[in-house]
Amino acid sequence: MNLSHSLHPLHPAFAEAVYTVTGADPAAELDAEVSDGASVLATKRLHGADSYRVNIAYAVQGLLAVAPATSQECGIYTPEGRTARASLRIGTLTAPLQTFSASTAVLTGLQKLSDAPEIVPIRWGENDEIPFAAPEGRLSARITLGGNDTLAIDCPEVEGGSLHCFVLATDDLLWHIAGAGKKPADFARIEVALSLDGEAFLYQVYTIEEPCEGVRLAWLNPYGSVDYHTFPVVVKEEMAAGKSSVLTPAGYKTARAATTCTLTVTSDYEPTPTLRWLAQAASSPRAWIVAAGARMPVGIDAAKVTTRSEALARVELTLRCGTKRLQND
């Protein structure tokens, strides 16, 4: 009996992950066990054939827990929850542990794991991520602030070979600016250059915008990483309350009560490529409002696109910001 697969080194967990069994005895009952190396995640009984296809993707998906990075210092990190390792055992055969990503597509080589445009806005006090995949080697990052003044900051080197993200923490930049005796008002632009073994492979530019009363949204993107954007206008904020009651000998009693907050936010008018990127948030299965180093999960209930011209349009999202429940026993 043989056990084989053709999975990629960072195989997407949200696509088929098929192992093939050949040369099995049709009369034998075989248990196919998916394991993370420490515990069994799922088991399937195989019987009645001499070959089988076993897809373990559904078992692996439960190991992934993608969330916005929590670091408050600029640098390259390997965020937790964006990869998982699992293997398959059938009878006496055990496949080596395989690494899976939270992506829907195969990730290969040096690759930016985002469709964000090359130039994006940011405000002081906000964080952003540049997610990427990189082979083994020494990863480094240089931040260059420009405008009426200049300042260059080199981040510590780290070892590549997995999924990574560069965290741009603007509060950390403010600390560096103050330490250099400079003023935030003299900077209008931030450039980030990422390098592998001394060779630059990815550039991202940020324009520093004026503060706004909007909402900074983070969402799970199709590459299994996290994108961010500040929606500068809150169109509407609503609170909805509901309750259910039961009749008791003492009269009606509230059994359950819930309060839900919804926010309707809108982007600026953006060019088509940026709009396509923002539209990914509307279909994302996971999103968060991020502020002051904290994150709050939200649901995206509705999306609407308003067009101003053939080249410009904006997206409006309705966010469900959580439900507070009270239940009486």
Side-chain angles (χ1 to χ4, degrees), residues 68-77 112-132 140-156 165-195 200-219 221 225-234 265-278 280-281 288-295 311-315 317:
T70 57
S71 175
Q72 296 303 303
E73 293 185 8
C74 296
I76 299 173
Y77 299 89
K112 181 181 177 181
L113 304 181
S114 171
D115 293 323
E118 294 180 0
I119 301 175
V120 295
I122 199 166
R123 294 161 178 83
W124 295 120
E126 295 180 344
N127 285 12
D128 197 67
E129 292 184 36
I130 307 173
F132 62 95
S140 59
R142 165 165 279 208
I143 308 167
T144 304
L145 293 94
N148 294 329
D149 203 342
T150 60
L151 178 65
I153 303 166
D154 289 313
C155 299
C165 72
F166 174 83
V167 172
L168 182 71
T170 59
D171 282 344
D172 187 36
L173 292 184
L174 291 173
W175 181 84
H176 283 279
I177 290 170
K182 300 176 183 289
K183 299 179 180 179
D186 288 332
F187 300 102
R189 185 181 179 93
I190 304 167
E191 298 181 9
V192 177
L194 302 179
S195 300
F201 67 89
L202 198 162
Y203 295 91
Q204 183 71 57
V205 177
Y206 298 87
T207 56
I208 302 172
E209 306 287 331
E210 292 295 324
C212 69
E213 297 298 324
V215 169
R216 188 152 181 83
L217 188 70
W219 66 92
N221 70 24
S225 294
V226 179
D227 282 336
Y228 298 71
H229 185 75
T230 296
F231 289 77
V233 179
V234 177
V265 298
T266 185
S267 70
D268 287 329
Y269 283 98
E270 303 284 0
T272 300
T274 301
L275 195 71
R276 290 198 190 102
W277 170 58
L278 294 179
Q280 293 178 2
W288 305 262
I289 290 176
V290 290
R295 61 177 185 253
L312 295 174
R314 68 182 183 187
V315 62
L317 302 177

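As a basis for the values below, the full set of heavy atoms in this structure was taken, side chains included, without hydrogen atoms, waters or symmetry mates.
Between the CD atom of Q204 and the CD1 atom of I119 there is a distance of 8.5 Å, given to the nearest 0.5 Å. Taking CD from E126 and OG1 from T230, the interatomic distance works out to 3.5 Å, rounded to the nearest 0.5 Å. One distance of note links CG of L317 with CH2 of W219; it measures 8.5 Å at 0.5 Å rounding. The CZ atom of F132 lies 8.5 Å from the CG atom of L113; values are rounded to the nearest 0.5 Å. A distance of 7.0 Å separates CD1 in I122 from CG in N127, rounded to the nearest 0.5 Å. Rounding to the nearest 0.5 Å gives a distance of 8.5 Å between CG of L173 and CG of L151.
For D128, the salt bridge (charged side-chain N to carboxylate O under 4.0 Å, His left out) partners are R216, not counting sequence neighbours. Applying the side chain to side chain donor-acceptor pair (under 3.5 Å) test to E73 and every residue at least two apart in sequence or in another chain returns nothing. In this view, D154 and R142 satisfy the side chain to side chain donor-acceptor pair (under 3.5 Å) rule, not counting sequence neighbours.
Under the side chain to side chain donor-acceptor pair (under 3.5 Å) criterion, no residue pair touches residues 166-178, with sequence neighbours excluded. Among residue pairs with one or both ends in residues 204-214, none qualify as salt bridge (Lys or Arg N to Asp or Glu O under 4.0 Å); sequence neighbours excluded. Counting only residues at least two apart or in different chains, salt bridge (Lys or Arg N to Asp or Glu O under 4.0 Å) contacts with residues 179-189 comprise D149-K182, R189-E191.
Checking side-chain atoms of S114 against main-chain N and O of P131 turns up no donor-acceptor pair under 3.5 Å. For N221 (side chain) and Q280 (main-chain N/O), no donor-acceptor pair under 3.5 Å exists by modelled atom type. Proximity of a side-chain donor or acceptor of Q72 to a complementary backbone N or O of G293 within less than 3.5 Å is not detected.
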- Given side-chain contact (heavy atoms from CB on, under 4.5 Å), test E118 with Y203 step by step and report yes or no. CA-CA 7 Å; E118 294 180 0; Y203 295 91; over 6 Å; no

- Taking it one step at a time, do F166 and I143 satisfy side-chain contact (heavy atoms from CB on, under 4.5 Å)? CA-CA 11 Å; F166 174 83; I143 308 167; 3.7 Å; yes

- Message: V192 vs I130, test: side-chain contact (heavy atoms from CB on, under 4.5 Å). Steps then yes/no.
- Response: CA-CA 9 Å; V192 177; I130 307 173; 3.9 Å; yes

- Task: Run the numbers on H229 and W277 for side-chain contact (heavy atoms from CB on, under 4.5 Å), then give the verdict.
- Result: CA-CA 10 Å; H229 185 75; W277 170 58; 4.0 Å; yes

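Closest approach of V120 and A116 over heavy atoms only: CG1-CB, 4.5 Å. Residue V234 comes nearest to G214 through the heavy atom pair CG2-CA, 4.3 Å, listed as atom of the first residue, atom of the second, then distance. Of all heavy-atom pairs between E129 and A69, the closest is OE2-N, 2.8 Å. Nearest heavy atoms, P117 versus T274: CG-OG1, 3.8 Å. Nearest heavy-atom pair, L174 versus P184, reported as atom, atom and distance to 0.1 Å: CD2-CG, 3.6 Å. Among all heavy-atom pairs drawn from F231 and S267, the shortest one is CD2-N, 3.6 Å.
T144 has its side chain out of reach of T150: every pair of non-hydrogen atoms, C-beta onward, lies at least 4.5 Å apart. Looking at I153 and C74, their side chains never come closer than 4.5 Å, going by heavy atoms from C-beta outward. The shortest side-chain heavy-atom distance between Y228 and L168 does not fall under the 4.5 Å cut-off. Residues C155 and I76 fail the side-chain proximity criterion, which asks for heavy atoms closer than 4.5 Å.
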